[in-house]
Asker: 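Sharing a structure, written as C-alpha cells. Questions coming.
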Amino acid sequence: VHVAAGARVEEKKEGAITPREKDYSQWYLDVISEAQLIENSPVKGCMVIRPTGMAIWESLRDELDRRIKATGTQNAYFPLFIPQSFLSKEAEHVDGFAKECAVVTHHRLRVDPDGKGLEPDPDSKLEEPLIVRPTSETMIWYMFKNWIQSHRDLPLKINQWANVVRWELRTRPFLRSAEFLWQEGHTAHATAGDALETAEAMLGQYAEVARDLLAIPVIPGRKSDIERFAGASETFTIEAMMQNGWALQAGTSHFLGQNFAKAFDVQFTNDREEREFVWATSWGVSTRLLGALIMTHSDDNGLVLPPKVAPTQVVIIPIVKAQGGEEVMECVEELAARLRAAGIRVAIDDRPNMRPGAKYYHWERRGVPFRMEIGARDLKKGAAFCAKRHDGSKAPLQIKDVESGEWLDVGAQVQGELDKIQAELLEAATQRRDEKMYRVETYDEMKAQLEKEEYGFFLVPWAANDENEDAIKDDCKATIRCYPLDMQSEADGKTCFYSGKPATHMAIFARAY
C-alpha cells in the first residue's frame, strides 16, 4: 500500500488526545477519532466504521471464521426482519429484549397530503409488525424445526455473520451502539452433555482469539443467574479488564437447554425411535471487541495495535533529500517487496512536501506497530532506523551486508520484532490485570476501594442470592462479572463476604462497561 502522493496533506497538529488520568472516557473517544476508526452517522447511536476500523474487524472475523469452521460449523444467513410473534414464543427471551427492539409497521411511504415530506402510507400497514433483528434465536429455531427430524441430523451447527439492532439510549463507540456487527453461532444436539461441551469449547475459542490475536488476557467464567442471557440455562463469558480497572464482557457462549426447542417444537427421533426435544447452544462476539482492544493497549499518544491484528504492521518512511533520492527509493521499494513476500503488511509513506516528523505523528496516532526510516546515511550503513509504537524504543536494524551489499533475511528479522511486540503487549496487559486483582474479606473493603476510584477485579467468596446481588449493584454499581471457571474450588469452607453465609461460589465483582 502506498499513501497516494496526491492525498490531502495536513501539516497542522491533528488534535490533542486527552490524558487517561484526566478523563478516561474522553481519552477513549479521542483515540478513536485520531485513528479514524469510526465516524458518527446521521442516525443517533449508529456508527460509520471507516476502512482502518473495518480492516481490524476483518482480521478478527477471518481468524474466528477459520476456527468456527474447523469445529464443523457452517455459515448461513437469516432474514433481518423477524415476525413479532416469534419473539413471544420464548417468554424470558422476549422480556430480555423487548425494550431494545426496533419495529417495522409499514412497508412503504407516500408523500404527505401537504406535499412537504414523506409519511407511512396507511394502506401499507403490515398485518404483523416485524422486529429488526436484535439476535436470531427465534428465526433460526423456526428454521431448525424444518431441518431436524432424526438423530442423524444432529448435531446441527450454524453460524451467521450479520448486523443486529438494539435500540440503546446511551451509546459509546464499539462498546454500545444501536447497530453493530457480530457473529452468532447456533447449534442443536441430541444430548445435554454434547450441547454443554460445545458451549464451553466455543468459550475456549474466544479466550484463545482474545489472547493470541488481540493480546487481551481474559478470565473465562459463568454468569450469575441475574446476568445470564435471556432464555439461557447457563451463560459463559470471557471478561477483560481495561486499563482503568473496569471490566468489559468480551464474548459469551450460552447453554440454552431445551427452552427454544420447546418454544418452537423442534424434536428428533432418537435411535430408540422415540421423539425428544433437542438441546441447544448459542454464542457470539461483536465489534465490542474492538473497544476492548483500544482500551487494553492504547496510550496517551493514540492507538496501539498488536501486530497480528494491525492492518498495517510496518510503515517505511524514506528520508529523501535533493541528492540520492532515487537510490533511497529503490532500497525502500525492495525492502517493502521483501517484507510483503514474508507475509508482512507494509505501507510506504512517500508523500511529498511533508516533514518526516509529521509522518511519524500520523502513523503513531494510527497504532502502526513498527516504523522503518531509510535515508542516504542509512544506506551507507546497510541499515534502517526503526521505532516501536508500543514502547517508543528506537534502534537501527541491519538489512544488508555492508561489505557485499547482499540483502539479509529482513522478512525473518522484522517478523521476529513483530512477534516480540505481540508478546510484550500481552505480558503488559496481563501484569496490569493481575496487579488490579484484589482479594477482600468484606463488602465494606470493596466498597471503600471503589469509592476511592481504585477499580479492579474483586475476587470474593459469595453465597448466591439475587436480592443481595441487586443490593450491591444499587449501592456501589459493582456487578458480578463471572464465577471464574478455574477458581471455584476456593469457595469450599469459606463464608460470603457480604452475607456471612457459607459461600457457594468464588465471584468476581467489578464496575463494568
Asker: What I want to find out is whether Arg66 reaches Asp62 closely enough, with some N-O distance under 4.0 Å, to be called a salt bridge.
Answerer: no
Asker: Check the side chains of Glu469 and Asn465 for a donor-acceptor pair under 3.5 angstrom, ignoring hydrogens and angles.
Answerer: no
Asker: Are Glu490 and Arg439 ion-paired here, with the side-chain N under 4.0 Å from a carboxylate O?
Answerer: yes
Asker: Is Glu234 salt-bridged to Arg222, cutoff N-O under 4.0 Å?
Answerer: yes
Asker: Answer with yes or no whether the side chains of Thr442 and Asp444 bring together a donor and an acceptor at under 3.5 Å.
Answerer: no
Asker: Check this for me: does any side-chain nitrogen of one of Lys22 and Asp300 sit under 4.0 Å from a carboxylate oxygen of the other?
Answerer: no
Asker: As a test of understanding, state which of Leu80, Thr138, Val104, Val103 forms a side-chain contact (heavy atoms from CB on, under 4.5 Å) with Ile131.
Answerer: Val103
Asker: Under the 3.5 angstrom rule, does the side chain of Thr504 hit a backbone N or O of Trp462 as a donor-acceptor pair?
Answerer: yes
Asker: Determine whether a donor-acceptor pair (N or O, by modelled atom type, separation under 3.5 Å) exists between the side chain of Arg345 and the backbone of Lys308.
Answerer: yes
Asker: Can a cation-pi geometry be assigned to Lys223 and Tyr483, taking NZ or CZ under 6.0 Å from the six-membered ring centre and within 45° of the ring axis?
Answerer: no
Asker: Is a side-chain donor or acceptor of Arg288 paired with a backbone partner of Leu175 at a separation under 3.5 angstrom?
Answerer: yes
Asker: May I ask you to decide if Leu214's main-chain N or O and His297's side chain share a donor-acceptor pair within less than 3.5 Å?
Answerer: yes
Asker: So does Glu208 pair up with Arg67, basic N to acidic O under 4.0 Å?
Answerer: yes
Asker: Give the C-alpha distance, both sets of side-chain angles, the deciding distance and a yes or no for side-chain hydrogen bond (donor to acceptor under 3.5 Å, both in side chains) between His254 and Thr235.
Answerer: CA-CA 4 Å; His254 315 288; Thr235 289; 2.9 Å; yes
Asker: Can you name the nearest heavy-atom pair linking Met446 to Ile472, along with the distance?
Answerer: CE-CG2, 4.1 Å
Asker: Closer than 4.0 angstrom, basic N to acidic O: yes or no for Arg272 and Glu276?
Answerer: yes
Asker: Evaluate the side-chain hydrogen bond (donor to acceptor under 3.5 Å, both in side chains) criterion for residues Glu424 and His390: first the C-alpha distance (whole Å), next the side-chain angles of each, then the deciding distance (0.1 Å), finally the verdict.
Answerer: CA-CA 9 Å; Glu424 287 169 4; His390 75 300; 2.6 Å; yes
Asker: Regarding Ser85 and Glu128, is there a side-chain donor-to-acceptor distance under 3.5 Å anywhere?
Answerer: yes
Asker: Quick one: does Ser41's side chain have a donor or acceptor within less than 3.5 Å of a partner on Cys46's backbone?
Answerer: yes
Asker: Salt-bridge test for Lys473 and Asp470: reply yes if a basic N is under 4.0 Å from a carboxylate O, no otherwise.
Answerer: no
